[in-house]
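Structure record follows, encoded as structure tokens.
Residue numbering restarts at 1 for every chain, and letters A, B, ... go by the order of the sequence lines.
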Amino acid sequence: MNMLPGPAQAAAIGLSVALPLLLLCYARIAATGGSGRRFRLGCITVLALYAIACLALPGQRRYDDVLGGLFLLATAMMFFYILFSLLAWGFTLTLLTALVKAGRPLTLEQWAVAYMQGGDLGTFTHNRLKLLVGAGMVITADGRLAPTAKGVAVARLVKFVRLSTGLG
Amino acid sequence: MSFVVGFLAAVTFALLAPALQLMARARGWSLGAVTLLAIAAILTHGLGVMLGILVVPQFQYWDAASIFGFCVMGYVFAFGAVYKSVSLDILLSLIDRPGRRAPLSEIVERQVPDLFQGRIRNLVDGGLVEPVDSHFAATSAGRTMAGRVGQLRRAFGIGDTSLYDFSE
């Protein structure tokens, strides 16, 4: 068994480790925008650096080495995206941080207000609905919500994924 | 050939992971969904490496690990997307209603508060929050976790609202 990665794979492993460090650096540059945009920028940067590494590294590139490196890089991007999205958009985590930030025990209603930083659950609902409406999955008319054909297809896919991953 | 071994290990993971989730629910195991995914990944990765050593004369560990990591992380990504998504819960509830329509007010006044209470139960069950009379207070474990989350959010320049920013 050969445990040594190829040159391109080694570059991909290095860039995978560098991705969170890059995100930390981008967080200090205001021009890089919000969380989502910064993450996309981080991914584009490491992909560009990987392409440069594949061209610049000495010796002839092997197809399996480059492909393996791409898989490793994509794995790292998905892994960090899962952690990053939990930090940025995690509902349960933010509930906890809002309660701790309040500094005293809260009733359910007070907790909802603290979570929404003065807003209410309606603001939260509209924010989540904006995602569904913006993606063309749901339409609103006369104060009622209805799924589009795309929404129905996505819902079926979600049910299939839930079933096949054992979530039921 | 090493890529094939890695892919076979990933297929085994895709079969073992849902089986573990179903068994955990049926037998009332206290292990969380993410812990079960980690167990399945470690087991199948070990099996893949053993298979590679046995059947491939020049087994390239990183070729196998790259495709295994990519497929497993893709699975975890899909799992995470459908596991506890508020937006998808709203979409699925629309699909399951007669006529596939719902008043917006019902989502705001009933479904989202139910989701809110469900997440609070998760925090209480996880020992991060405790009910005190009619109030809720963070436990010391909850305060520690919230502190760490706050540090990470500040380091990565992430806000603490958990709302999607559509201006990006």
Side-chain angles (χ1 to χ4, degrees), chain A residues 1-3 5 9 23-24 27 33-37 64 68 71-72 74-75 78-79 82 87-97 99-100 105-107 111-112 117 121-122 124-125 127-128 130-132 134 137-138 140 143-147 151-152 154-155 158 161-162 164-167, chain B residues 18 21-22 53 58-63 66-67 69-70 73 77-80 82-83 86-88 90-92 94-95 100-104 107-108 112-113 116 119 122-123 128-129 132 134-138 142-143 145-146 149-150 152-153 155-158 160-166 168:
Chain A
M1 178 170 79
N2 182 7
M3 287 289 286
Q9 289 173 349
L23 293 172
L24 283 172
S35 326
R37 194 172 160 198
D64 51 355
F71 280 141
L72 289 171
T75 304
M78 285 191 279
F79 176 74
I82 292 168
L87 278 178
W89 305 293
F91 184 17
T92 316
L93 266 189
T94 309
L95 276 177
L96 177 66
T97 53
L99 181 65
V100 171
L106 299 176
T107 63
W111 196 353
Q117 300 181 0
L121 284 182
F124 175 77
T125 311
N127 182 260
R128 274 357 193 216
K130 211 169 170 184
L131 181 75
L132 292 172
M137 288 190 260
V138 165
T140 52
R144 293 176 79 82
L145 296 169
V152 173
V154 169
V158 168
V161 173
R162 280 191 173 172
S164 54
T165 53
L167 289 171
Chain B
Q21 302 288 347
L22 292 171
I53 292 169
Q58 283 292 313
F59 180 60
Q60 302 291 321
Y61 172 78
W62 284 101
D63 285 357
S66 66
I67 193 165
F70 176 73
M73 203 48 72
F77 194 84
F79 183 92
V82 302
Y83 183 38
V86 174
S87 312
L88 290 179
I90 294 172
L91 179 65
L92 288 175
L94 286 176
I95 301 290
R100 288 182 175 163
R101 271 167 176 68
L104 179 59
I107 306 283
V108 175
V112 170
F116 188 78
R119 300 305 170 88
N122 291 343
L123 288 170
L128 299 171
V129 166
V132 183
S134 58
H135 291 66
F136 291 93
R143 282 192 296 275
M145 179 177 264
V149 168
L152 283 171
R153 278 179 172 166
F156 284 101
I158 293 171
D160 59 358
T161 65
S162 90
L163 295 180
Y164 296 127
D165 183 359
F166 293 99
E168 283 182 35

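- Neither the backbone nor the side chain of B:Gln58 comes within contact range of chain A; no heavy atom of the residue lies under 4.5 Å from a heavy atom of that chain.
- Annotation for B:Met145: atom CE does not count as buried by contact number, only 12 or fewer foreign heavy atoms lying within 6.0 Å.
- Between B:Ile95 atom CD1 and A:Met137 atom CE the span is 10.5 Å, to the nearest 0.5 Å.
- Shortest non-hydrogen contact noted between B:Ser87 and A:Leu132 is O-CD1, 3.4 Å.
- A:Thr94 and B:Arg119 share no side-chain donor-acceptor pair at under 3.5 Å.
- Contact annotation for A:Val138: only side-chain heavy atoms (C-beta onward) come within less than 4.5 Å of a heavy atom of chain B.
- Between chain B and the options A:Pro105, A:Gly68, A:Ala27, heavy-atom pairs under 4.5 Å are most frequent for A:Pro105.
- Relative orientation of the A:Phe71 and B:Phe70 rings is tilted, given thresholds of 30° and 60° on the angle between their planes.
- Contact tally against chain A (heavy-atom pairs below 4.5 Å) for B:Ile53, B:Leu22, B:Asp63: the top residue is B:Asp63.
- Closest heavy-atom contact between B:Ser66 and A:Thr75: O-OG1, 4.0 Å.
- Both the backbone and the side chain of B:Ile67 come within contact range of chain A, judged by heavy atoms closer than 4.5 Å.
- For B:Ala102 against B:Leu94, the heavy-atom pair with the smallest separation is CB-CD2, 3.6 Å.
- Comparing A:Leu72, A:Leu96, A:Leu95 by heavy-atom pairs within less than 4.5 Å of chain B, the highest count is held by A:Leu96.
- Both the backbone and the side chain of A:Leu24 come within less than 4.5 Å of a heavy atom in chain B.
- For the residue pair A:Thr165 and B:Gln21, the shortest heavy atom distance occurs at O-CG, 3.5 Å.
- The candidate from B:Phe79, B:Tyr61, B:Phe136, B:Phe59 with the greatest count of non-hydrogen atom pairs under 4.5 Å with chain A is B:Phe136.
- The residue among B:Gly80, B:Gly142, B:Gly150, B:Ser134 with the most heavy atom pairs within less than 4.5 Å of chain A is B:Gly142.
- For A:Thr140, no part lies under 4.5 angstrom from a heavy atom of chain B.
- Interface remark: B:Val149 contributes backbone and side-chain atoms alike to the contact with chain A (heavy atom separation under 4.5 Å).
- If you tally non-hydrogen atom pairs under 4.5 Å between each of A:Val158, A:Val100, A:Thr107, A:Leu145 and chain B, the highest count goes to A:Leu145.
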